[in-house]
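Data block below; observations after.
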Amino acid sequence: MKLWSIQGNTQKLDGGSMFGNAPRAMWTKWATPDDLNRIPLATRGLLATPLNGKTVLFETGIGAFFEPKLRERFGVQEDRHVLLDSLREAGFDHTDIDVVVLSHLHFDHAGGLLASWSEGAAPQLLFPNATFVLSTPHWLRAKRPHARDRASFIPGLCELLEATGRLEFIEGAHAPSLGDAVRFHYSDGHTPGMMLAEILGPDVHDGAHHGGVVFCADLVPGLPWVHVPITMGYDRFPELIIDEKQAFLADMAARGVRLFLTHDPDIALVQVVRDDAGRFSAIHPTAALAARSLQHAHETTP
C-alpha cells in the first residue's frame with residue numbers, strides 16, 4: 001500500500017475562532033495572523049492504494065464550490081479546484097477513486113466533492129465511481145443541523161449524495177467496502193458522529209495493530225491541537241472533545257500510530273508521544289507523503 005497527502009484548497013480563518021478560549025498571546029506563538037486576524041489553514045486529503053484492493057481518498061478538502069462572495073468570506077485562497085490538480089500530480093483522476101471516506105460533512109471537509117463554481121450552473125458532484133462512506137449519526141446531523149452549526153453544511157449536498165445510490169453508512173469499527181484494513185474511531189465533541197479512520201499498521205502485538213496512520217479530522221486539526229486543552233470555537237462540545245482527545249492520543253501514542261493532519265499548513269503527518277507527566281507532543285514531522293509505504297510513513301521529508 002502507498003500513501004499520498006493530497007493538497008486541497010487553502011483558506012484563512014479567524015485565529016481566535018480556531019483556538020477557542022486560548023488567549024491571543026498564546027496562539028500567536030503557533031500561528032501568525034494577518035491584518036484581519038486570520039491564520040493560514042490547509043484542507044488536506046489522504047490517498048491510499050491499494051487498500052482492500054481499492055483506491056481510497058480520505059476527505060476532499062474545501063474545494064472551489066463557493067461563489068466568489070462566499071469564497072472571500074470564508075477565506076478560500078484559490079478559485080481553482082486544487083484537490084483535482086493535486087490528484088493529477090499524484091497520477092490519479094477523481095474518476096479513479098473507488099471509495100471516499102468522509103469524517104463529517106462540514107464544507108471544509110466535503111466541499112471538494114463538488115465541481116468548481118460556475119455562474120448559472122447547478123452544483124455538480126464529482127467522483128462518479130466512488131462509494132461514499134459516512135457515519136449514520138453524522139448523516140442524521142447533516143440532514144437536520146442545529147442552528148449553531150447549520151452554516152457549516154452545504155445546502156443540497158445530502159440530496160446529491162443520496163441520488164447516487166452509492167452511500168455506505170456505518171456505525172461500528174469497520175466499513176464493508178474497506179474490510180478489516182481500516183478501523184473507525186468516533187468523536188462527538190466537534191460534531192456528532194465524526195469518524196476518525198485508522199489505516200491499520202502491519203504489526204500486531206497482543207491483538208492490537210501498531211504503526212498505522214489515522215486521519216484525525218477536526219479532533220486534532222493541526223500541530224497546536226495536540227496540546228489536549230486547546231480546542232476550537234467551532235467545536236460543539238469543548239469539554240467532551242478534550243476528554244475524547246485525551247483517550248485518543250493515549251491510544252495512538254501507545255500503539256505508535258501516526259497522526260494525519262488535515263488543516264496544518266505545513267505538516268501532514270506526525271508521531272505523538274507522551275512524557276512522564278502525561279503531556280503529549282509531536283515528533284517526526286513530515287511535510288508531505290508521495291507514494292510512501294505505510295511501513296515508512298513516519299520518515300521525514302524536507
Handout entry: E198 vs M252 side-chain heavy atoms within contact, under 4.5 Å
Key = yes

Handout entry: A217 to L196 - nearest heavy-atom pair and separation
Key = CB-CD2, 4.0 Å

Handout entry: Path from L178 to L3 over hydrophobic side-chain contacts below 4.5 Å
Key = yes

Problem - Path from V214 to M194 over hydrophobic side-chain contacts below 4.5 Å - result: yes

Problem - Closest contact, heavy atoms only, Q246 versus F280 - result: NE2-CE1, 3.7 Å

Handout entry: Partners passing ring pair (Phe, Tyr, Trp, His ring centres under 6.0 Å) against H263 (at least two apart in sequence or in another chain)
Key = H109

Practice task
Report whether Y186 and L219 are members of the same hydrophobic cluster (ILVMFWY, side-chain heavy atoms less than 4.5 Å apart, transitive linking).
Solution key: no

Fill in the blank from the handout: Rounded to the nearest 0.5 Å, the CG atom of N129 sits from the OG1 atom of T55 at a distance of 11.0 Å

Exercise for the section: Find the distance between OG (S5) and CG (L269) and round it off to the nearest 0.5 Å. Expected result: 8.5 Å

Problem - Donor-acceptor under 3.5 Å (H81 side chain, G112 main chain) - result: yes

Practice task
Not counting sequence neighbours, list each pair that qualifies as a ring-ring contact (aromatic ring centres under 6.0 Å, His included) and has a residue in residues 160-184.
Solution key: W139-F169

Handout entry: Check: K245 side chain, V228 main-chain N or O, donor-acceptor pair, under 3.5 Å
Key = yes

Handout entry: Smallest separation among heavy atoms of L51 and A48, with atom names
Key = CD1-CB, 3.7 Å

Fill in the blank from the handout: Result for side-chain contact (heavy atoms from CB on, under 4.5 Å) between M195 and one of L102, V182, V101 points to V101

Exercise for the section: Find out if a path of hydrophobic residues (ILVMFWY) with successive side-chain heavy-atom gaps under 4.5 Å connects V99 to V213. Expected result: yes

Would you mind writing out the side-chain donor-acceptor pairs for residues 82-90 within the sub-3.5 Å range, not counting sequence neighbours?
from	atom 1	to	atom 2	distance (Å)
D85	OD1	R88	NH2	2.6
D85	OD2	R80	NE	3.0
S86	OG	Q7	O	2.7
S86	OG	V82	O	3.1

Practice task
Look at atom CD of E159 and say whether more than 12 heavy atoms of other residues, nucleotides or ligands are closer to it than 6.0 Å.
Solution key: yes

Handout entry: Of all pairs that satisfy salt bridge (Lys or Arg N to Asp or Glu O under 4.0 Å), the ones with a partner from residues 160-174, not counting sequence neighbours
Key = K143-E162

Exercise for the section: Check which hydrophobic residues are tied to I283 through side-chain heavy-atom contacts below 4.5 Å, counting indirect links as well, and list them. Expected result: V273

Problem - same_hphob_cluster(V56, V100) at 4.5 Å side-chain heavy-atom cutoff - result: no

Exercise for the section: Could you pull out all residues at least two apart from S118 that satisfy side-chain contact (heavy atoms from CB on, under 4.5 Å)? Expected result: A121

Problem - Shared-cluster residues of F237, by chain and number - hydrophobic side chains joined below 4.5 Å - result: L240

Practice task
Return the minimal non-hydrogen interatomic distance between G211 and R258, and the atom names on each side.
Solution key: CA-NH1, 4.0 Å

Problem - Contacts of F215 that satisfy ring pair (Phe, Tyr, Trp, His ring centres under 6.0 Å) - sequence neighbours left out - result: F260

Exercise for the section: Measure the shortest side-chain to side-chain distance between V257 and F248 over non-hydrogen atoms and say whether it is less than 4.5 angstrom. Expected result: no

Practice task
To the nearest 0.5 Å, tell me how far K69 NZ sits from W117 CH2.
Solution key: 12.5 Å

Problem - W225 and M232, any side-chain heavy atoms less than 4.5 Å apart - result: yes

Exercise for the section: Would you indicate whether the side-chain heavy atoms of L157 and L125 approach each other to under 4.5 Å? Expected result: yes

Exercise for the section: Could you tell me the separation between the CH2 atom of W4 and the CG atom of L57, rounded to the nearest 0.5 Å? Expected result: 12.0 Å

Practice task
Go through the steps to decide whether D108 and L13 satisfy the test side chain to side chain contact (heavy atoms under 4.5 Å, CB included), and finish with yes or no.
Solution key: CA-CA 11 Å; D108 54 330; L13 288 179; 5.6 Å; no

Problem - H227 side, atom NE2; R279 side, atom CZ - distance, nearest 0.5 Å - result: 9.0 Å

Completion exercise
H209 meets the ring pair (Phe, Tyr, Trp, His ring centres under 6.0 Å) criterion, sequence neighbours left out, with none

Practice task
Step by step, work out the side chain to side chain contact (heavy atoms under 4.5 Å, CB included) result for K54 and T131.
Solution key: CA-CA 11 Å; K54 300 177 174 66; T131 296; over 6 Å; no

Exercise for the section: List the steps, then state whether side chain to side chain contact (heavy atoms under 4.5 Å, CB included) holds for S293 with K2. Expected result: CA-CA 5 Å; S293 68; K2 303 292 185 183; 4.1 Å; yes

Problem - Heavy-atom check, side chain of L249 versus side chain of L259, under 4.5 Å - result: yes

Exercise for the section: Kindly state each residue pair satisfying ring-ring contact (aromatic ring centres under 6.0 Å, His included) with at least one member in residues 24-56, sequence neighbours excluded. Expected result: F19-W27, F19-W30

Practice task
Measure the spacing between CZ of R255 and CG of D206 and express it to the nearest 0.5 Å.
Solution key: 12.5 Å

Listing, residues 36-45 side-chain donor-acceptor contacts under 3.5 Å, not counting sequence neighbours, or none:
from	atom 1	to	atom 2	distance (Å)
N37	OD1	R24	NH1	2.2
N37	ND2	D14	OD1	3.1
R38	NE	D34	OD2	3.0
R38	NH2	D34	OD2	3.1
T43	OG1	N9	O	2.5
T43	OG1	I62	N	3.3
R44	NH1	L261	O	2.6
R44	NH1	D264	O	3.0
R44	NH1	I267	O	3.1
R44	NH2	D264	O	2.8

Completion exercise
Residues at least two apart in sequence or cross-chain that pass ring pair (Phe, Tyr, Trp, His ring centres under 6.0 Å) with F153, listed by chain then number, are H106, H138

Fill in the blank from the handout: Nearest heavy-atom approach of L126 to A115 is CG-N, 3.7 Å

Exercise for the section: Assess whether atom CZ of R144 is packed by more than 12 heavy atoms of other residues, nucleotides or ligands within 6.0 Å. Expected result: no

Practice task
Would you check if I154 and L105 make a side-chain contact, meaning some heavy-atom pair closer than 4.5 Å?
Solution key: no

Exercise for the section: Might you point out which heavy atoms bring S177 and N52 nearest each other, and give the distance in Å? Expected result: O-ND2, 3.0 Å

Handout entry: T49 side chain near D98 side chain, heavy-atom distance below 4.5 Å
Key = no

Practice task
Using a 4.5 Å cut-off on heavy atoms from C-beta on, say whether the side chain of P192 contacts that of H104.
Solution key: no

Practice task
Without swapping roles, check the side chain of T231 against the backbone of G20 for a donor-acceptor pair under 3.5 Å.
Solution key: no

